[in-house]
S.K.: 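The structure under discussion is supplied below as C-alpha cells; questions concerning it will follow.
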Amino acid sequence: MGDTPPAPPKVRPRIGRITVSSSLLGAMFLMATSAIGPGFITQTTTFTAQLGATFAFAILISILVDIAVQLNIWRVVGVANMRAQDLANKVLPGAGYLLAVLIVFGGLIFNVGNLAGTGLGLDALLGFDPKIGAAVSAVLAVGILSAKKLGVALDRILIVLGVAMIALTLYVAIVSQPPVGEALRQSVMPEQLSTDVFLAAVTIIGGTVGGYITYAGAHRLIEGGQGGRENVGDISRTSVIGIIVTGVMRVLLFLAILGVVSGGAAIMEAPNPSAEAFYQAAGEVGMRLFGMIMWAAAVSSVIGASYTSISFVTTFHPWLEKRRGLLVTVFIGVSLAIFLLSGQAPTTLLVLAGALNGIILPVGLGIMLWVAARRSRDLLGGYRYPRWLIAIGVAAWLLTVYMAVNALGGIAALWQ
C-alpha cells in the first residue's frame with residue numbers, strides 16, 4: 001500500500017496582491033459592516049446636503065484618522081492575543097469592567113436604532129410594517145449568532161452583505177451622475193474650511209471607529225485564531241483594508257447623494273432624506289435599492305453590535321462564556337422590546353449612549369497606546385512596537401479627547 005498523499009494546502013482569499021485568511025476577512029467585514037449602519041447612511045446624507053462637494057475633504061481626513069486609530073487598537077489587541085477588556089484590567093484593575101459596561105450600554109441603545117433601521121429598510125423594500133420587519137430581522141440575527149459554526153456563518157454572511165451594499169450603492173452613484181471631478185478636487189483643495197467641515201469629520205470618525213465598532217474586528221480575529229505577534233503583518237493590513245472598505249462605501253454613498261443635490265433636489269425637506277435621494281436618482285427602483293441597502297446595513301450592525309458587546313463580558317467568567325448564545329438572545333430581545341414599545345430609541349438614552357460612545361474611544365485608545373509604549377515587555381511578549389505608530393496614535397488620541405469633551409456636553413444637557 002502506498003503512502004497517503006498529503007492534503008492540498010488551504011488557499012487563502014486574495015485582495016489584489018494581499019493574501020488573507022477567511023477569519024481575517026471576516027474580521028475586516030465585521031468591523032466595516034458594523035460601522036455601516038442606519039446612522040452612517042443618515043450622517044452621510046445630511047453632511048452631503050449641507051456641505052456639497054466639500055464633504056469629500058472631511059471624508060478623506062476621517063479615513064486617515066480612522067486608520068491611525070484602528071492600526072493601533074488592532075495591533076495591540078492582536079499581538080497581545082487578548083480582548084480589550086482583559087488588557088484594560090491588567091493595565092488598571094477595574095478599567096476593563098468599566099469599558100465593558102460602557103460598550104454594552106452603548107451597543108444596546110444603538111441596537112434599538114439598528115433594529116428600527118431594519119424595519120425601515122424592509123418597509124421600503126417589501127412594504128412590511130416596520131415593527132414586523134424589525135422582529136423578523138431580530139430573529140434572523142439571533143439565528144446567525146446562535147449557529148454552531150458561528151465563525152464560518154458570521155464571516156460568510158457579513159462578506160455577502162458588505163459586498164451587496166457596495167455594489168448596489170455603486171449603481172445608484174453611477175445613475176445619479178455626480179460631479180466626480182469636483183469632488184476629487186475638493187477632497188484635497190476644499191473651497192472652504194469652515195467649522196462645519198471639521199465637525200463633520202469629527203462626527204463621522206466617531207461613527208466609524210467609536211464605541212464598540214473598532215473592537216468588533218479585533219475580537220473576531222482573536223476568536224478566529226489569528227492573534228499573536230507572528231500574525232502582526234496580516235493584522236495590520238486587514239485593519240487598514242477594513243477602514244478602506246468603510247471609506248469606499250462612504251464615498252459611493254456621498255457621490256450618489258451629491259449627484260442628486262447637485263441637480264437641485266431639496267431632499268432635506270422630505271421625511272426621509274436618504275430614501276428621497278435614492279428615489280430622485282433612480283425612481284421606484286432607487287427606492288427599492290435604498291430599502292435593500294438600509295436593511296443590509298442595519299441587520300449587519302445588529303449582528304456586529306450584539307457580537308461585540310457580548311464578547312466584552314464573556315471572558316469575565318466561564319459561566320458567561322458557556323451561555324454566550326443566551327446572552328446574545330437576551331441582548332437582541334431587550335433591544336427589540338424597547339423598539340416595539342417606543343417605536344424608536346428613547347431620545348434621552350440615545351443622547352446618553354452617543355455621549356458615552358464618544359468617551360469610549362479616547363479611554364480605550366489611551367489604554368492601548370499605554371500598553372504599546374509602556375507594557376510591551378509583559379503584555380505584548382517583548383514585541384518592539386513601532387514608535388511612528390505610537391506617534392500617529394497619540395495624534396489621533398488628542399482628537400478623540402476633543403470629541404469626548406464635546407460628548408460630555410451631551411451628558412450635561414440631560415441634567416438641564
Side-chain angles (χ1 to χ4, degrees), residues 20-35 69-91 95-108 110-111 141 144-145 147 149-155 157-159 208-229 231-232 234-236 238-239 241-243 246 300-318 320-321 323-325 327-328 331 357 360-361 363-365 367-368 371 379-380:
V20 294
S21 70
S22 59
S23 57
L24 280 171
L25 199 60
M28 178 184 78
F29 272 95
L30 177 61
M31 174 269 147
T33 55
S34 294
V69 171
Q70 185 145 300
L71 260 176
N72 277 286
I73 289 178
W74 278 44
R75 183 173 292 213
V76 172
V77 171
V79 172
N81 206 13
M82 193 182 305
R83 291 191 183 109
Q85 70 271 21
D86 298 325
L87 268 174
N89 273 337
K90 288 184 178 296
V91 172
Y97 297 114
L98 174 62
L99 190 61
V101 168
L102 294 175
I103 290 282
V104 171
F105 176 77
L108 179 69
F110 280 109
N111 230 17
I144 293 170
L145 291 169
K149 294 185 177 180
L150 172 61
V152 175
L154 200 62
D155 296 345
I157 289 170
L158 292 177
I159 290 170
T208 306
V209 292
Y212 70 88
I213 297 172
T214 194
Y215 298 103
H219 284 192
R220 174 71 193 102
L221 69 87
I222 289 175
E223 291 195 1
Q226 296 296 324
R229 59 189 298 176
N231 293 310
V232 67
D234 284 342
I235 292 169
S236 297
T238 310
S239 69
I241 296 171
I243 294 297
T246 309
S300 60
S301 292
V302 170
I303 293 169
S306 304
Y307 170 87
T308 311
S309 297
I310 298 306
S311 78
F312 265 85
V313 300
T314 53
T315 59
F316 293 146
H317 196 280
L320 296 172
E321 183 64 53
R323 288 160 179 80
R324 176 190 287 248
L327 293 175
V328 166
F331 186 85
N357 264 5
I360 289 169
L361 183 51
V363 170
L365 179 59
I367 291 172
M368 297 305 127
V371 171
L379 296 182
L380 300 184

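Given the structure is predicted, the values throughout are model-derived calculations rather than measurements.
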S.K.: How many angstroms lie between atom CG of Leu25 and atom CD1 of Ile241, to the nearest 0.5 angstrom?
M.R.: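 The CD1 atom of Ile241 is 8.5 Å from CG of Leu25, to the nearest 0.5 Å.
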
S.K.: Cut-off 3.5 Å, side chains only: do Gln85 and Thr315 have a donor facing an acceptor?
M.R.: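 Distance-only check passes for Gln85 and Thr315.
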
S.K.: Among Glu223, His219, Arg220, find the one that has a side chain to side chain donor-acceptor pair (under 3.5 Å) with Tyr307.
M.R.: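 For Tyr307, the side chain to side chain donor-acceptor pair (under 3.5 Å) check succeeds only for Glu223.
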
S.K.: In sequence, state the C-alpha distance, the side-chain angles, and the governing distance for Val77 and Met82, and then conclude on side chain to side chain contact (heavy atoms under 4.5 Å, CB included).
M.R.: CA-CA 6 Å; Val77 171; Met82 193 182 305; over 6 Å; no

S.K.: Kindly say whether Ser236 contributes a backbone atom to a donor-acceptor pair with the side chain of Ser239 at under 3.5 angstrom?
M.R.: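 Side chain of Ser239 to backbone of Ser236: a pair is present.
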
S.K.: Once you round to the nearest 0.5 Å, how far does CE of Met28 lie from CD1 of Ile243?
M.R.: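 Output value for this atom pair is 11.5 Å.
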
S.K.: For a quick test of reading the model, state the closest non-hydrogen atom pair linking Ala305 to Gly107 and the distance between them.
M.R.: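 Heavy-atom minimum between the residues: CB-O, 4.3 Å.
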
S.K.: Do Tyr212 and Phe312 make the cut of ring centroids closer than 6.0 angstrom?
M.R.: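 Here the rings of Phe312 and Tyr212 have centres that are no less than 6.0 Å from each other.
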
S.K.: Give, for atom OG1 of Thr238 and atom CE of Met31, the distance between the pair rounded to the nearest 0.5 Å.
M.R.: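 Separation between the atoms: 12.5 Å.
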
S.K.: How close do Phe316 and Gly96 get, counting heavy atoms only, and between which atoms?
M.R.: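 Of all heavy-atom pairs spanning Phe316 and Gly96, the closest is CZ-O, 4.0 Å.
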
S.K.: Closest approach of Ile303 and Ala141, non-hydrogen atoms and distance?
M.R.: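 Heavy atoms only, the tightest pair is CG1-CB, 4.1 Å.
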
S.K.: In Å, rounded to the nearest 0.5 Å, how long is the span from CZ of Phe29 to CG of Leu154?
M.R.: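 Going from CZ on Phe29 over to CG on Leu154, the span is 12.5 Å.
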
S.K.: Under the criterion side chain to side chain contact (heavy atoms under 4.5 Å, CB included), I'd like the reasoning laid out for Arg75 against Val232: C-alpha separation, chi angles, the key distance, then a yes or no.
M.R.: CA-CA 7 Å; Arg75 183 173 292 213; Val232 67; 3.9 Å; yes

S.K.: Provide the closest heavy-atom pair for Ser34 versus Gly304 in the form atom of the first, atom of the second, distance.
M.R.: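 Of all heavy-atom pairs spanning Ser34 and Gly304, the closest is OG-CA, 3.3 Å.
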
S.K.: Supply the atom-to-atom distance Leu108 CG to Ser306 OG, rounded to the nearest 0.5 angstrom.
M.R.: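 Taking CG in Leu108 and OG in Ser306, the distance rounds to 9.0 Å.
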
S.K.: If you take all heavy atoms of Val209 and Leu361, which pair is closest and at what distance?
M.R.: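 In terms of heavy atoms, the two residues are closest at O-CD1, 3.5 Å.
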
S.K.: Report yes or no: does Thr33 contribute a side-chain atom to a donor-acceptor pair with the main-chain N or O of Leu158 at less than 3.5 Å?
M.R.: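 No, Thr33 side chain to Leu158 backbone: no donor-acceptor pair under 3.5 Å.
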
S.K.: Evaluate the side-chain proximity of Arg324 to Thr314: yes if any heavy-atom separation is below 4.5 Å, no if none is.
M.R.: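 They are in side-chain contact.
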
S.K.: Does a donor on one side chain and an acceptor on the other come within less than 3.5 Å for Thr214 and Gln70?
M.R.: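 Side chains of Thr214 and Gln70: pair found under 3.5 Å.
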
S.K.: Any chance you could measure Asn231, atom CG, to Leu24, atom CG, to the nearest 0.5 Å?
M.R.: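 Output value for this atom pair is 7.0 Å.
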
S.K.: Taking the side chain as every heavy atom from C-beta outward, state whether Leu379 and Lys90 have any atom pair closer than 4.5 Å.
M.R.: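 Yes. Closest side-chain heavy atoms under 4.5 Å.
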
S.K.: Locate the shortest heavy-atom distance separating Val104 from Phe331; write the atom from each residue and the value.
M.R.: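 Here Val104 and Phe331 meet closest at O-CE1, 3.8 Å.
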
S.K.: With a 4.5 Å limit on heavy-atom distance, are the side chains of Ile235 and Leu221 in contact?
M.R.: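 Side chain of Ile235 against side chain of Leu221, heavy atoms only: contact under 4.5 Å found.
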
